[in-house]
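Numbers restart at 1 for each chain; the letters A, B, ... are given by sequence-line order, proteins then strands.
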Amino acid sequence: MDISQLQALQPYLWTLPKTAHEERAEVLLYGSQPLLKSMDEKVLEQITNVATLPGIVGAAMAMPDAHWGYGFPIGGVAAFDAEQNGVISAGGVGFDISCGIRCLRSNLNLADAAPLLQQLADRLFETIPAGVGVEGTLQFTPQQLDQVLAYGAHWAVKQGYGDTADLEFIEENGCVAGAQPYNVSTLAKQRQQGEMGTLGSGNHYLEVQVVEHIYDQATAQAFGLHQGQLLVSIHCGSRGLGHQIGTEYLMMFVKAANQLGIHLPERELACAPIQSPAGQQYIGAMQAATNCALANRQILTHLARETFGEIYPHAVLETLFDVSHNTCKKETHEFHGQTRTLYVHRKGATRAFGPGHPQLPARYQTTGQPIIIGGSMGTGSYILAGMENNPAFASCSHGAGRAISRNQALKKWQGKELIKELKQQGILIRTRSMRGAAEEAPGAYKDVDIVATDTEKAGLARRVAFLKPKVCIKG
DNA sequence: ATGTCC
């Protein structure tokens, strides 16, 4: 990104000054100068487009891991006021609705578990369905899926997947309100019939990680984390169902925008007023897809526990947290001294509630919520904690963020060689797609250490622990 | 992200 057009407000906060007659909200980018320089040019163009949408409150913001996305950049945050003609955008949520990360802490230490890690990798690869269009062993009718869409992880627990103890540590306690399964098409439900309890492809994964470094002992202790401990992180979303909803509502929004005379800087930013019928229908469908994703991660949690139990009979996996990073949520925020109800789009951005937030479980009241920055295949991930006075409507980075495109990555790396190199580093990759592995090469991502550091320096969240991958089941 | 182009 050409940063000469940007103005530094603080060392880790930048803005794009407006030209004379430009009518838009403020644009803010979070991150250090080198990080912004390495960001693709499209991020600035896209986040500036977002700033022109009706009813936006405060600034259109790009997180430190931002990169080009469909309409909104991934790593984009924007809040809208329904009372001021604010809009909801399917591209602003992302096509993988409620994609997110479930993190489980184990009672195992790497030192004890190491001799059986290869066996664990092989078994997880057999038991965790992963890959494009790969279906699981579960099949549901559209009617049964209506239950999934209405009750989320509660439904999954009731069916015997996991434990009620998990629910407290899932965002919204495992089920979001306002889901409208009847606003999800039959086709979307059909696509999901065999895909519950599956990982999907692309950047999705199930990873076994070791806590390699602790930044904040007190918070790590509150989170139940210690050095050398094994964790499991599951990154996936609402699969074919969410994608189908995104596709259908995007088309509906394009039509609605034309009819209502909403100017779209580009088609990909198609949106509808929150208070319009199209907007309300999308919100109901999006909430249903969120429940689908929460149930999906709950089933995968159960599958992971079964497999861990086979290899390590005394293994216990407890939910640290489950948080989505492709959402639009109705939330209350203090803004310029006023309490406002806002619809916060977080696309490739994680919610980051600080200490004392009423929606956090008692365990995290004093620390703030656990936040997971998922790294690329061979690098590492971070666990952070939410802070008071987060400047971005309680949002922060969600991952390393791509640095180069999938096509460029394919030209630069070969999956088979990458997997061999990673094995030499003690990281076991299991995947059905060598192409996917090349696209997901660690070198195709930003430096996760810089993203996490900049996230902290920008005041978005604070680092608690660094995790190193040991086993990675890739989609 | 995605039955990786209905």
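Ranked by how close their nearest DNA chain B nucleotide is to the 5' end, A:C99 and A:R435 are led by A:C99. Remark on DNA chain B: of its neighbouring residues A:H204 and A:V132, the 5'-side contact belongs to A:H204, judged by nearest-heavy-atom nucleotide.
Here A:R239 reaches the OP1 or OP2 of B:dT2: one of its side-chain N or O atoms lies under 4.0 Å away.
Between A:I74 atom CD1 and B:dT2 atom C1' the separation is 13 Å, expressed in whole Å. Regarding A:R432, its CZ atom lies at a distance of 17 Å from the P atom of B:dT4, rounded to whole Å. The CG-C1' distance, from A:D96 to B:dT2, rounds to 9 Å in whole Å. A:R406 has its CZ atom 9 Å from the P atom of B:dT2, to the nearest Å. With rounding to whole Å, A:N326 atom CG is found 13 Å from B:dT2 atom C1'. Rounded to whole Å, the distance from CE on A:M251 to C1' on B:dT2 is 14 Å. B:dT2 atom C1' lies 14 Å from atom CG of A:L199, rounded to whole Å. One can place CG of A:L241 at 12 Å from P of B:dT2, the figure rounded to the nearest angstrom.
Within 4.0 Å (heavy atoms only), A:G202 reaches sugar-phosphate atoms of the nucleic acid but no base atom. Among the protein residues, A:L187 comes within range of the nucleic acid bases, having at least one heavy atom under 4.0 Å from a base atom. In this structure, A:S201 reaches the bases: a heavy-atom distance under 4.0 Å links it to at least one base atom across the strands shown.
Between the side chains of A:S98 and A:N326, no donor N or O sits under 3.5 Å from an acceptor N or O.
Sequence neighbours left out, not one pair with a member in residues 49-64 of chain A passes side chain to side chain donor-acceptor pair (under 3.5 Å). For residues 275-300 of chain A, the pairs satisfying side chain to side chain donor-acceptor pair (under 3.5 Å) are A:R102-A:Q298, A:D166-A:Q298, A:R297-A:D322, A:R297-A:S324, with sequence neighbours left out.
We find that A:K189 and A:D146 are joined by a salt bridge, their nearest charged nitrogen and carboxylate oxygen being less than 4.0 Å apart. Salt bridge present: A:R346 and A:E331 bring a charged side-chain N and a carboxylate O closer than 4.0 Å.
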